Number of protein chains: 2
Amino acid sequence: MPPARRSSTASSKISAKPAAAPADIPALHLTRFLPYRLSVLANTVSHTLAKLYEKRFGITIPEWRIIAVLGGGETMSAGEIAQRTAMDKVQVSRAISRMLDSSLILRESGDTDRRKALLTLTPKALAIYAEIVPMALTYEEEVTDALSIDERAQLDTLLSKLQARADQLAARPAPVGAQTEPVEE
Amino acid sequence: MPPARRSSTASSKISAKPAAAPADIPALHLTRFLPYRLSVLANTVSHTLAKLYEKRFGITIPEWRIIAVLGGGETMSAGEIAQRTAMDKVQVSRAISRMLDSSLILRESGDTDRRKALLTLTPKALAIYAEIVPMALTYEEEVTDALSIDERAQLDTLLSKLQARADQLAARPAPVGAQTEPVEE
DNA sequence: TTGCAACAGTTTCAAACGAAACTAAAATGG
DNA sequence: CCATTTTAGTTTCGTTTGAAACTGTTGCAA
């Protein structure tokens with residue numbers, strides 16, 4: 001610990017006794033806490049997969065998602081992509097701009113509505129799609145191999161239910177009794 | 001679409017026919033793809049919760065995690081915190097520095113090893129802990145209310161198994177050959 | 001001892017992000 | 001019609017991030 005700005009007491013001899021923590025507060029163990037567990041798991045999985053196709057194709061997660069939704073050869077607008085990939089429009093816009101630079105995507109302005117740009121993958125991107133999909137599916141399988149057939153079905157159900165509920169709670173305006181006050185002291 | 005840099009074909013009349021996509025490529029539907037689903041769900045949940053305590057206490061996710069592991073009044077080093085929160089040391093270092101500024105944490109240099117700084121929550125942070133834990137648990141309950149008792153147990157099992165497997169796969173050196181081969185089984 | 005590798009944390013730097021402001025093009029409507 | 005609002009997408013700005021480099025400290029070994 002090098003340039004540790006000297007803060008108040010800098011000695012040692014810390015009483016091993018938990019100084020505070022009133023007994024009536026329900027304990028929270030991070031490792032049992034659903035949001036934490038989901039976050040860590042999703043992170044591990046995404047990160048591993050991302051490294052795989054970053055190394056192989058030099059694309060990022062947003063780009064991979066766009067390739068995934070356009071991989072069928074379809075054409076759609078940026079807004080549609082945003083919806084389908086659950087990314088926001090800024091992220092999509094930036095990813096598209098990168099993909100234009102690397103000739104992965106083709107942008108044509110629509111006739112009927114010139115605000116909407118119609119986006120299509122180039123053959124180059126389609127080639128990546130053809131290679132990356134099996135890779136992605138293989139990885140998914142490797143992960144789900146940890147589960148039985150029954151458990152995989154359960155997982156599907158659970159994720160759907162949780163997502164539905166999480167969406168519902170996220171949409172909720174504001175926690176009813178929530179003060180907008182920054183902590184009393 | 002304002003300053004759309006004109007890229008090659010800029011007309012319209014897009015043939016609705018999917019130009020490519022050979023039939024032998026297994027389709028990948030993002031909405032059925034586990035890494036994607038996990039990512040979206042974790043994101044929704046974390047984001048909702050983060051907004052909750054950001055608004056109320058002005059703390060970020062890393063700070064909340066640190067409060068969570070130190071909330072019992074324990075004292076530990078930054079490295080230990082990093083392990084327990086599954087954050088990397090840079091993230092922890094920065095969170096701690098913020099918390100020192102806002103008097104949420106106390107840093108004392110150890111006697112035996114002056115590299116390790118011993119970290120403890122201040123009463124102010126403990127007060128936040130006392131308030132935030134019920135909030136967090138309530139939110140967790142609201143989410144899991146979408147599930148039956150059985151399903152909650154399933155979820156626990158599934159997450160554990162998936163995390164274990166994901167960790168295992170993440171640790172795997174690197175798919176050396178270009179191929180995504182199942183490798184040593 | 002000193003000499004060097006390993007460790008604990010911090011800092012730096014460039015890329016990535018989110019919110020909000022912005023621009024251009026459509027839709028609305030008086 | 002022209003003015004206003006909405007929609008589609010981009011840009012800007014300040015913050016956050018992650019990797020790698022760095023600093024101080026300790027442990028180990030010759």
Side-chain angles (χ1 to χ4, degrees), chain A residues 1-7 10 12 39 43-44 46-48 50-51 54-55 58-66 75-102 105 107-119 170, chain B residues 1-7 10 12 39 43-44 46-48 50-51 54-55 58-66 75-101 105 107-119:
Chain A
M1 182 203 67
R5 352 180 180 45
R6 209 134 264 285
S7 69
S12 53
S39 169
N43 234 352
T44 311
S46 293
H47 210 258
T48 305
K51 267 200 306 214
E54 202 291 321
K55 178 177 294 183
I59 63 173
T60 63
I61 293 182
E63 292 167 38
W64 144 245
R65 286 192 180 172
I66 292 179
T75 287
M76 63 184 77
S77 72
E80 243 175 301
I81 292 179
Q83 268 186 288
R84 301 246 215 150
T85 56
M87 303 192 286
D88 72 50
K89 59 185 187 161
V90 176
Q91 230 177 336
V92 170
S93 173
R94 285 198 267 236
I96 288 175
S97 144
R98 281 192 303 263
M99 294 174 78
L100 284 170
D101 288 346
S102 48
I105 215 169
R107 172 158 61 184
E108 314 181 70
S109 81
D111 246 2
T112 53
D113 187 338
R114 264 180 338 200
R115 285 172 311 180
K116 291 184 189 171
L118 305 206
L119 303 160
Chain B
M1 185 201 67
R5 352 174 175 53
R6 210 132 262 287
S7 68
S12 52
S39 168
N43 233 350
T44 310
S46 293
H47 210 258
T48 304
K51 267 199 306 211
E54 202 290 321
K55 179 178 292 182
I59 62 173
T60 63
I61 293 182
E63 292 167 38
W64 144 245
R65 285 192 180 172
I66 292 178
T75 287
M76 63 184 78
S77 72
E80 242 174 302
I81 291 179
Q83 268 185 286
R84 300 244 216 149
T85 56
M87 303 192 285
D88 72 50
K89 59 185 188 163
V90 177
Q91 231 178 336
V92 171
S93 172
R94 285 198 266 236
I96 287 174
S97 142
R98 281 193 302 263
M99 294 173 79
L100 284 169
D101 289 346
I105 216 168
R107 172 159 62 184
E108 315 182 72
S109 80
D111 248 1
T112 54
D113 187 338
R114 265 179 336 197
R115 285 172 308 181
K116 290 183 190 171
L118 306 206
L119 303 159

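None of the values given here were measured: they were computed from a predicted structure. Note: hydrogens, waters and symmetry copies are ignored here, and every other heavy atom, side chains too, is used. Throughout, protein chains are lettered first and strands after them, A, B, ... in sequence-line order, and every chain is numbered starting at 1.
A donor-acceptor contact closer than 3.5 angstrom links the side chains of B/Ser39 and A/Arg65.
Whole-Å rounding puts the A/Arg115 CZ to D/dT10 P distance at 13 Å. Separating the CG atom of B/Leu118 from the P atom of C/dA8 is a distance of 13 Å, rounded to the nearest angstrom. Rounding to whole angstrom units, CD1 of residue A/Ile61 and C1' of C/dA15 are separated by 14 Å. Per the geometry, NZ belonging to A/Lys89 stands 11 Å off C1' belonging to C/dA19, to the nearest Å. The separation between B/Asp88 atom CG and D/dT16 atom P is 15 Å, rounded to whole Å. The interatomic distance linking B/Asp101 (CG) with C/dT10 (P) rounds to 12 Å, in whole Å. A/Gln91 has its CD atom 17 Å from the C1' atom of D/dA8, to the nearest Å.
Nearest nucleotide to the side chain of B/Asp113, out of D/dG9, D/dT6, D/dT25: D/dT25. When distances run from any side-chain atom of A/Arg107 to the nucleotides D/dA8, D/dT10, C/dG9, the shortest one goes to D/dT10.
B/Thr60 comes within 4.0 angstrom of nothing in the nucleic acid, heavy atoms only.
Across the interface with DNA chain C, nearest-nucleotide mapping of A/Thr112 and A/Val90 shows A/Val90 to be the residue nearer the 5′ end.
Residue side chain B/Arg94 reaches the base of D/dG18 through a donor-acceptor N/O pair under 3.5 Å, judged by distance alone. Counting distance only, with no hydrogens placed and no angle test, the side-chain atoms of B/Arg114 and the base atoms of D/dT25 include no donor-acceptor pair under 3.5 Å.
For the OP1/OP2 pair of D/dT10 and a distance below 4.0 Å, the side-chain nitrogens and oxygens of A/Ser93 include at least one atom meeting the criterion.
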